[in-house]
Amino acid sequence: MITIDSIIIGIGFLLIQLFANQVISKTKLSTSRWLSLCGGVAIAYVFVYILPTLHDEQNKLGGDAPLGSELYVLGLIGLLVYFTIYKLADYRKEETHGATRFYFVEAGFFALYTFMVTYIVVSSDVKTLEAMFYGTAIGLHFIGISYNLWLENKHLHLHYGRFILGAATIAGCTAGMLGPSTGLYVDSMIAFTSGAMIFNVISKEMPSEKHTHLYIFLGAAVIYAAAITALSSLLSW
């Protein structure tokens with residue numbers, strides 16, 4: 001079912017994928033502050049929402065889960081897949097043609113990731129305040145992903161990569177509005193993207209020491225975690 005909240009979230013995600021590098025490089029907030037803000041909110045989102053969600057979805061399988069840890073295994077696979085992609089990208093940085101080809105492989109994997117994350121957010125059909133909090137966290141997460149891809153190859157990202165991510169966002173929104181919001185299919189996507197998100201946040205969005213604005217990072221993490229925890233308890237999200 002298409003709702004105004006889903007449409008707003010979809011448009012927001014699309015604009016982020018298309019213009020993330022400009023958001024960071026052309027605003028008054030410095031790059032270190034932007035990365036610290038994105039990293040702080042993202043790491044709080046992982047621990048107060050992603051991990052509990054993965055746990056809840058595994059529990060819902062109940063007797064249908066013969067091993068009792070299938071979704072955790074999928075989460076591990078997601079983490080390992082994106083770790084491998086990053087490592088291969090590092091190996092190709094010194095090879096001009098190899099780096100160009102591998103940029104598109106990397107962009108393709110993140111387009112798949114973008115599709116799944118967008119599908120999950122849109123299909124969950126969260127409303128107003130809840131949509132604002134979850135949409136903000138994912139939006140900042142997408143800024144970090146798109147910005148890091150831009151750093152990998154600025155020319156290719158500006159001319160091709162951001163449009164690949166934008167197309168994946170549109171596809172994820174469309175599928176999320178029309179597809180199921182529950183079931184093993186959705187649970188599997190939640191598990192896989194959880195592992196990928198944990199890796200991406202910890203390895204790429206927690207800024208390195210030289211780029212960290214400590215107070216913004218800590219403030220963003222604490223404020224977001226406290227706000228979403230309090231609101232979840234009060235409003236039964």
Side-chain angles (χ1 to χ4, degrees), residues 9 12-13 16 20 32-61 65 68-83 85-86 110 113-114 116-124 126-127 129-148 182 186-209 211-237:
I9 287 175
F13 287 174
I16 283 170
S32 65
R33 285 177 167 84
W34 261 114
L35 294 178
S36 296
L37 174 64
C38 292
V41 171
I43 200 65
Y45 181 76
V46 164
F47 280 94
V48 301
Y49 182 73
I50 292 298
L51 293 180
T53 297
L54 184 59
H55 179 72
D56 289 342
E57 295 302 322
Q58 182 65 63
N59 285 339
K60 287 177 184 178
L61 291 178
S69 59
E70 285 81 358
L71 295 186
Y72 292 109
V73 172
L74 276 176
L76 174 62
I77 292 172
L79 186 151
L80 294 177
V81 165
Y82 283 87
F83 171 77
I85 293 300
Y86 274 121
F110 279 105
Y113 176 76
T114 296
M116 290 189 290
V117 172
T118 304
Y119 180 101
I120 292 165
V121 173
V122 173
S123 67
S124 64
V126 291
K127 300 291 194 301
L129 189 60
E130 187 178 4
M132 182 186 73
F133 269 87
Y134 294 152
T136 297
I138 294 298
L140 289 172
H141 178 56
F142 281 165
I143 285 177
I145 287 175
S146 189
Y147 184 74
N148 278 310
T182 59
V186 179
D187 289 345
S188 297
M189 282 202 297
I190 291 173
F192 183 85
T193 56
S194 294
M197 184 176 291
I198 289 169
F199 171 76
N200 288 326
V201 168
I202 292 177
S203 68
K204 293 296 180 180
E205 292 184 55
M206 289 184 68
S208 62
E209 185 176 323
H211 292 134
T212 299
H213 194 284
L214 180 62
Y215 297 122
I216 289 181
F217 177 79
L218 293 177
V222 171
I223 291 171
Y224 185 85
I228 202 170
T229 300
L231 290 172
S232 296
S233 299
L234 290 172
L235 302 178
S236 301
W237 288 354

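Positions are given from 1, in the same order as the sequence printed here.
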Next on the checklist: For V201 and Y45: C-alpha separation, side-chain torsions, deciding distance, then whether side-chain contact (heavy atoms from CB on, under 4.5 Å) applies.
Outcome noted: CA-CA 10 Å; V201 168; Y45 181 76; over 6 Å; no
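- Here the CG-CG distance, from D187 to D56, works out to 10.5 Å after rounding to the nearest 0.5 Å.
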Please list every donor-acceptor pair under 3.5 Å in which a side-chain atom of residues 214-223 meets a protein atom from a residue at least two apart or in another chain.
none

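- In this structure, S233 OG and I228 CD1 are separated by 10.5 Å, a value rounded to the nearest 0.5 Å.
- When the ring pair (Phe, Tyr, Trp, His ring centres under 6.0 Å) test is applied to F83, the partners found at least two apart in sequence or on another chain are F199.
- At least one donor-acceptor pair under 3.5 Å links the side chain of T229 to the backbone N or O of A225.
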Next on the checklist: Checking H55 against N59 for the side-chain contact (heavy atoms from CB on, under 4.5 Å) test, could you report, in this order, the C-alpha distance in whole Å, the side-chain angles of both residues, the deciding distance, and whether it holds?
Outcome noted: CA-CA 6 Å; H55 179 72; N59 285 339; 3.0 Å; yes
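- Taken from CE in M197 to CD1 in I120, the straight-line distance is 7.5 Å, to the nearest 0.5 Å.
- Closest approach of L71 and A191 over heavy atoms only: O-CB, 3.2 Å.
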Checklist entry - So L76 and Y72, side-chain contact (heavy atoms from CB on, under 4.5 Å) or not? Walk me through it. => result CA-CA 6 Å; L76 174 62; Y72 292 109; over 6 Å; no
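- Here CD1 of I190 is found 8.5 Å from CG of L54. Values are rounded to the nearest 0.5 Å.
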Item to check | Worked verdict on Y147 versus F110 for ring-ring contact (aromatic ring centres under 6.0 Å, His included) | outcome: CA-CA 12 Å; Y147 184 74; F110 279 105; over 10 Å; no
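- Atom CD1 of residue I145 and atom OG1 of residue T114 lie 5.5 Å apart, to the nearest 0.5 angstrom.
- Annotation: the span from I16 atom CD1 to L140 atom CG amounts to 7.0 Å, rounded to 0.5 Å.
- Tested against H141 for a ring pair (Phe, Tyr, Trp, His ring centres under 6.0 Å), the candidates Y134, Y49, Y113, F13 yield a single pass: Y113.
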